[in-house]
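Beneath this line is the structure, given in C-alpha cells, with notes to follow.
One-based numbering along the sequence shown.
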Amino acid sequence: MNILFRGGRVFTAKGDFAEAVLVRDGVIAAVGTERELARLAGGTGPVGAVDTVNAVNAVETVDLDGGLLVPGFTDAHMHPVQAGLERARCDLSEVYGLDAYLAKISDYATKNRDKEWIDGGGWDMSAFPSGLPHRSQLDFLDRPAYLIQRDHHAAWVNTRALERAGITRDTPDPADGRIERDPDGTPSGVLHEGAMDLVGLLTPRPTAEDLEAALADAENHLFSLGITGWQDAIVGSYAGSDDQLPTYLSAARSGRLRARVVGALWWDRTRGLDQIGELVERRESAKGLDRFAATSVKIMQDGITENFTAATLEPYCLCGGTGLSYVDPGKLKEYVRELDRVGFQVHFHAIGERAVREALDSLEGTDPGNRHHIAHLQIIEPSDVPRFAALGVTANLQPLWATHHAQMDELTLPYLGEPRSSWQYPFADLLAHGTRFCAGSDWPVSDADPLQGVHVAVNRTEPGGSVHAGYPTAQTPFLPGQRIDLATALTAYTAGSAWINRSPAGVVEAGRPADLVVLDRDPFALPPEEIWTTGVRMTFVAGEPVYQRARA
C-alpha cells in the first residue's frame, strides 16, 4: 500500500516536524512538505488531486485533519500476555473499592460455575486499609480464589486457597517474599512477592490456545492505543504465570504477531551462572524471526515500597526494615558481567534507592552497546543520578506513577519520609545529566495508553481532569520540578524505546518501516493540562492499517 499522509503536522522524533510523509511498500519513502510529496506521489495538480488513486502508482491519501502523525509507540516495559489472560478472567482493573470488587467477583463466579478456581486480578492496594485485603472477604466463594494485585507484587486469596496450598501459621516465609499474617500468626490472605507461588502454581494452567488468544487480544488493544512494539518484561515462569516464550515463537513463526517485540527472559533469582547457557539457548530459539527476538534478560532486584520490599538505604518510617535485594549484590556484578559478555541486554527492575545503586554498580564496566536499562526508578539517591549517563545506562520511565494518587499519598509517602520522598521519579534531573530515556507502562499494572503517560511526564498530575478518580490532590503536581517537556516525553515513547529494542522503527525518516500513528489532535497545540484528551485515529505497521477508530 502506498500512502500520502497530509493535512497536519508530523512529529519525526528527531527533534523536528514535517508537513507530510510518503509511504511506499511499507517503508517511509520521503518526509517533507505537502507540495514536494504530492509531486513524488505522482500527482500533477494541487495536493487534493492525490486523494484519488492515480494511474501511475496507486497512492491513497490519509488526511490528518489537523492532527499529528507520530512514529508508532514502543512500550519498553509491559506484560501483554498476562494482561490478555487477566482480561479474560475476573478482571478487577476497571472498578475500584471493596464493594465493587466483591460485586464483580460474585458476578464472575455466578457466570463461571464450571471453573475450579476464581482467578484474575487488578485490585488496587489503596482500596484497603493499610493496603491489605483479607481472606475472609472472599470466603463467601465456594471455590479457592487467587486474585493478583494490580502491580503483580501480591495476591489476595481466600481460606480455601490457603488450605489447598497447606499454608498455616507454621508455614515460613520464603526467602523472596512474605505471607501476611493476622496478629495470632494465621495467614491473612495476602501473599507478597515470592510467596505468591505457594498458591499461584496450584491454579489451573492456561492452555496454549488460552495464551495465544491472550496475546492476540492484547496486541489488538495495544494497536488501538498506537503501540506498534513492546518489550515483554518477563518471559518465563514467575508469580504463578507460565512461560510465554512458546506463545511468542508460535505467533512470530506463523505471522500472527504483527507488532515488533523483544522478550526479556526471566532471571531465576534462586539460581546463578548455571542458567546462562539455558538463556542463550532460549535466545537462539528466536533467532531469525522478523517480529520477535529474545535478546534481553530481566533481573528483578527488589519489590515495591508499599509492602516494604523495595530495597532502601535507610529503614522505612513507622515500620522499619530496608526491604529485599532479591539477588545478592555481591554476586550480581558477576552475573551481569557474564550476561554482558555473551551479548545480552540487561533489563533491571529497581524501585528503591538501594536497588538502583546495586543495579548501577553491577553495570560498571559493561558494554553500553548492549543497551542496558533500569526500569521504574521510583527512588534515586541524588548522587546516583549522574551515573546513568556516565555508564551509558538508559532510564526506563513509567511516568503514570509520578502523581499524587491514593497509593502514593496514603501508602508510600508516610513510609518513605523526607528527604527520600523528594527523590522519587527524578525525570528532569536525569535529563539534565544527559540520560537517555525510554518509556513504558508496566501494563496491566497501569494503563497501557502512552498518551496518558506523556501527560503525566509533562504535568506530574493525574490525567483526566480535576475530578479524576475523585481524589482531591490528583491535580496537584507531584514534585513539579521533575516535569519534562512534551517533545522529550514523546521521544522516549517512540525513538527511545525503539532504540532499546533495536527496532528499525521509532523515527519518521526515509528508509524506516512505516510504523505510524495518526493522533486526532496535535498535543503540541493544546494547553499542557489537556494533553490527556489526545486519542488515536489510526495505527499502521509496515504501512498496513492495524487499527482504525470507528466513526462517531
For this session: Report yes or no: do Q407 and E306 form a side-chain donor-acceptor pair below 3.5 Å?
Result: yes
Exercise. How about W123 and Y96: are their ring centroids closer than 6.0 Å?
Worked result: no
Exercise. More than 12 foreign heavy atoms under 6.0 Å from CD of E338: is that the case here?
Worked result: yes
For this session: Taking the six-membered ring for Trp and the full ring for Phe, Tyr or His, determine whether the centres of Y316 and F308 are under 6.0 Å apart.
Result: yes
For this session: In plain terms, say whether E116 and R164 are close enough for a salt bridge, that is, a side-chain N and a carboxylate O under 4.0 Å apart.
Result: yes
Problem set entry | Any E353 side-chain heavy atom under 4.5 Å of I380 side chain | no
Exercise. Does some side-chain heavy atom of L92 sit less than 4.5 Å from a side-chain heavy atom of I105?
Worked result: yes
For this session: Answer yes or no: is there a side-chain heavy-atom contact under 4.5 Å between D232 and H79?
Result: yes
Exercise. Rounded to the nearest 0.5 Å, what separation is found between the CG atom of L138 and the OH atom of Y146?
Worked result: 13.5 Å
Exercise. Hey, what do you get for OG (S224) to CD (E219), rounding to the nearest 0.5 Å?
Worked result: 11.5 Å
Exercise. Has R460 got its NZ or CZ under 6.0 Å from the middle of the six-membered ring of F478, at an angle within 45 degrees of the ring axis?
Worked result: no
Exercise. Is it the case that E193 and T309 place a side-chain donor and acceptor less than 3.5 Å from each other?
Worked result: yes
Exercise. Got a salt bridge between K111 and D107, using NZ or NE/NH1/NH2 to carboxylate O under 4.0 Å?
Worked result: yes
Exercise. ring-ring contact (aromatic ring centres under 6.0 Å, His included) with H376: which residues, sequence neighbours excluded?
Worked result: H77, H349, W401
Problem set entry | Pair E358 + R354, salt bridge at N-O below 4.0 Å | yes
Problem set entry | Min side-chain heavy-atom separation C438-Y493 under 4.5 Å | no
Exercise. Does a salt bridge link E180 with R178, judged by any charged N lying under 4.0 Å from a carboxylate O?
Worked result: yes
Exercise. Should D176 and R269 count as an ion pair when the cut-off is N to O under 4.0 Å?
Worked result: yes
Problem set entry | Residues R258 and N220: side-chain donor-acceptor under 3.5 angstrom | yes
Problem set entry | Check ion pair R282-D243 (N to O, under 4.0 angstrom) | yes
Exercise. Hey, mind stepping through E86 and R150 against salt bridge (charged side-chain N to carboxylate O under 4.0 Å, His left out) and telling me if it holds?
Worked result: CA-CA 10 Å; E86 289 182 15; R150 188 181 183 96; over 6 Å; no
For this session: Using ring-ring contact (aromatic ring centres under 6.0 Å, His included) as the criterion, list what pairs up with Y335, not counting sequence neighbours.
Result: W267
Problem set entry | Sub-4.5 Å side-chain heavy-atom contact between I118 and P144 | no
For this session: Side-chain contact test, heavy atoms from C-beta onward, threshold under 4.5 Å: evaluate it for T366 versus V346 and give yes or no.
Result: no
For this session: Report yes if the side chains of P444 and H152 come closer than 4.5 Å at any heavy-atom pair, otherwise no.
Result: yes
Problem set entry | Intermediate values then yes/no, salt bridge (charged side-chain N to carboxylate O under 4.0 Å, His left out), D384 and R357 | CA-CA 7 Å; D384 285 323; R357 179 169 293 176; 2.9 Å; yes
Problem set entry | CA sep, side-chain torsions, deciding dist, call: F388, V356, side chain to side chain contact (heavy atoms under 4.5 Å, CB included) | CA-CA 10 Å; F388 283 81; V356 172; 4.0 Å; yes
Seminar exercise, completed: In short, ring pair (Phe, Tyr, Trp, His ring centres under 6.0 Å) pairs touching residues 227-249 with sequence neighbours left out are Y238-W266, Y248-F292
Problem set entry | Presence of salt bridge, R135 and D182, under 4.0 angstrom | yes
For this session: Compute whether any side-chain donor of one residue and acceptor of the other, for N370 and D340, lie under 3.5 angstrom apart.
Result: yes
Problem set entry | Under 3.5 Å side-chain donor-acceptor pair for T203 and D119 | no
Exercise. Is the closest side-chain donor-acceptor distance between S296 and Q345 under 3.5 Å?
Worked result: yes
Exercise. Do T171 and I179 come close enough that some side-chain heavy atom pair is under 4.5 Å?
Worked result: yes
Exercise. Could R283 and F344 be counted as a cation-pi pair, given that NZ or CZ must be under 6.0 Å from the ring centre and within 45° of the axis?
Worked result: yes
Exercise. How many angstroms lie between CD in Q398 and CG in L400, if you round to the nearest 0.5 Å?
Worked result: 9.5 Å
